[in-house]
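Residue numbers start from 1 in every chain, and the chains themselves are labelled A, B, ... in the order their sequence lines are given, proteins ahead of strands.
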Number of protein chains: 2
Amino acid sequence: MVDTGFVAPESWTEVDGALERTFELPSFVEALAFVNRVGELAEAENHHPDIAIHYRNVTLRWWTHTAGGITDRDRDLAAKTSELAAG
Amino acid sequence: MVDTGFVAPESWTEVDGALERTFELPSFVEALAFVNRVGELAEAENHHPDIAIHYRNVTLRWWTHTAGGITDRDRDLAAKTSELAAG
């Protein structure tokens, strides 16, 4: 179920039914390393965000297809990926 | 300069001033491995495509900001990344 009382984790915003945040990394190489850390988490959780890489900027979108929107799991994983951006 | 007689490499299409192609890989892990191979090439060439990952689908967009569109270099690198998708 999609929550009605929506509260996004810090620095994330709701865009088109997904939790979205763009991370600016120091370089393309570090952006790609971040994407790999996110990918490892996503694979372990079997829940995969949409990922867009624009040079050293990485935009993540967490949402749950089967729920048609954002769930607690997305909020949890969004918060976890924020921690991964720190390296 | 942007060419006027545009010919896209096989399987690539021109979308909004960029050479675009979506690759469907066998799994998310293989999609991420492909992105890493593309990233290694991009870093070596100091020319970086926009990359979007949607589970096991990877969309690449090659374009040259300073030229305002697609150049021979983009066509060359597009063709090279097609080869990388094979693994």
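The CD1 atom of B:Ile53 sits 9.5 Å away from the CG atom of A:Asp50 when rounded to the nearest 0.5 Å.
In A:Glu40, the CD atom is not crowded: 12 or fewer heavy atoms of neighbouring residues, nucleotides or ligands sit closer than 6.0 Å. More than 12 heavy-atom neighbours from other residues, nucleotides or ligands sit within 6.0 angstrom of NE2 on A:His47.
Ring orientation note: the planes of B:His48 and A:Tyr55 are nearly perpendicular, at an angle over 60° on the 30°/60° scale.
Chosen from B:Val29, B:Asn36, B:Thr59, the residue pairing most often with chain A at heavy-atom distances under 4.5 Å is B:Asn36.
Linking ILVMFWY residues whenever their side-chain heavy atoms come closer than 4.5 Å, directly or via other members, leaves B:Val58 and B:Trp63 in distinct clusters.
Residue B:Asn57: no heavy atom, backbone or side chain, is found under 4.5 Å from chain A.
Between B:Phe28 and A:Gly39, the shortest heavy-atom distance links the atoms CE2-O, 3.5 Å.
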